[in-house]
Amino acid sequence: MSGPSHPAHPDPGPAEAGGALAGLAREVEVLRRQVAELEPLPGQVGELGRLVGQLSEALAAVTARRRVPAAPSWLMAPTDTGEIAALLEELCVWVESVFLRYPDGAKVLAECWLWHPDVVEELLWLMYAWCAAYQGPAASVGAAGDWHDRQRPGVVARLRKSVGSCSIETHQTRPGWNTPPGTPVTAPGVEHTELITRWWAESRDSAPPEPTTPAGPVGGDRS
């Protein structure tokens, strides 16, 4: 007669069961603490998103205030006659209204300045720098001060070196051609804008056209 059968895995005794329950309780407590630590995260993530949104809006506002129109380039200007004429018209008005009001500017701007593409380029960007300093949402006292202290004097110095001793006669090939006096408040050579417009729009890689009419000098020493 065979003896009583025994299960392959005997039931744990009370001591073993108590130890297992205690271990399970510890694991549950660890998990509870981890979950408790994670609970604030959704709120923190939301707050962080709100702050990022505010920073993005502030950055966009600053960027918008500092955005200024890009200055057009005379050297790389399109060959459209209308656009060239508009650029020269705007520039001549500004030169008469602002640049020539400074004595040193009037002294260095030769009457043949329209024949010098580098001079037109200098004056174009200087005009746009003036507009950025005095007009629009980006205008500021600091920008105006920089225009007076650094930008305008820099252009004047370069014009004095490049065309300070030049004149309309230098570009005239006919002997005996003279330049009558002009009006100081008028940009010198403005009567040549149509001639220069056609040259720069249609054949800027060719030799510049010969002046056909006298241009009034600004006056003063250009040395």
Starting at CG of Leu109, measure out to CG of Asp104 and round the result to the nearest 0.5 Å. 11.5 Å

For the pair Ser97 (side chain) and Val93 (backbone), establish whether a donor and an acceptor sit closer than 3.5 Å, ignoring hydrogens and angles. yes

Taking Trp200 for its side chain and Ile84 for its backbone only, find out whether a donor-acceptor pair lies under 3.5 Å. no

Would you name the heavy atoms of Asp149 and Pro153 that are closest together and state the gap between them? O-CG, 3.6 Å

Trp115 side chain near Ile196 side chain, heavy-atom distance below 4.5 Å: yes

Output yes when a side-chain donor or acceptor of Glu111 lies under 3.5 Å from a complementary backbone atom of Ile168, and no otherwise. yes

Atom pair CZ/CG of Arg152 and Leu126 - distance to nearest 0.5 Å: 8.0 Å

Looking at every heavy atom in both Cys92 and Val190, which two are closest together, and how far apart are they? SG-CG1, 3.7 Å

Check the angle between the aromatic planes of His148 and Tyr134 and answer parallel, tilted or perpendicular using the 30° and 60° thresholds. perpendicular

Ser167 and Glu169: which non-hydrogen atoms are nearest, and at how many Å? OG-OE1, 2.9 Å

For a side-chain contact (heavy atoms from CB on, under 4.5 Å) check, start with the C-alpha distance between Leu123 and Trp74, then their side-chain angles and the critical distance, and finish with the verdict. CA-CA 10 Å; Leu123 292 173; Trp74 180 252; over 6 Å; no

Tell me if a side-chain donor or acceptor on Glu121 pairs with a main-chain N or O of Leu75 at a distance below 3.5 Å. yes

Heavy-atom nearest pair, Ala110 first then Pro188, reads O-CG, 3.7 Å

Give the C-alpha distance, both sets of side-chain angles, the deciding distance and a yes or no for side-chain contact (heavy atoms from CB on, under 4.5 Å) between Val108 and Val163. CA-CA 7 Å; Val108 301; Val163 294; over 6 Å; no

Heavy-atom pair with the smallest gap, counting every atom of Thr79 and Ala201: CB-O, 2.8 Å

Side-chain (Ser203) to main-chain (Ser206) donor-acceptor, under 3.5 angstrom: no

Just verifying a value: how many Å separate Thr197 OG1 and Leu87 CG, rounded to the nearest 0.5 Å? 9.0 Å

With no hydrogens and no angle check, is any side-chain donor or acceptor of Arg204 less than 3.5 Å from a backbone partner on Ala77? yes

When rounded to the nearest 0.5 angstrom, what distance separates CG in Asp118 from CH2 in Trp113? 12.0 Å

Working to the nearest 0.5 Å, report the span between CH2 of Trp94 and CH2 of Trp130. 8.0 Å

Lys161, Arg160, Arg158 screened by salt bridge (Lys or Arg N to Asp or Glu O under 4.0 Å) with Glu122, the one that passes: Arg158

Using side-chain heavy atoms (C-beta onward) and a distance below 4.5 Å, is Tyr128 in contact with Pro72? yes

What's the separation between atom CH2 in Trp147 and atom SG in Cys131, rounded to the nearest 0.5 Å? 10.0 Å

Less than 6.0 angstrom separating the ring centers of His192 and His171, yes or no? no

Flag the pair Thr193 / Glu89 as yes when at least one side-chain heavy-atom distance between them is below 4.5 Å, and no otherwise. no

Evaluate Tyr102 against Val156 for side-chain contact (heavy atoms from CB on, under 4.5 Å), listing each step before the verdict. CA-CA 10 Å; Tyr102 294 86; Val156 168; over 6 Å; no

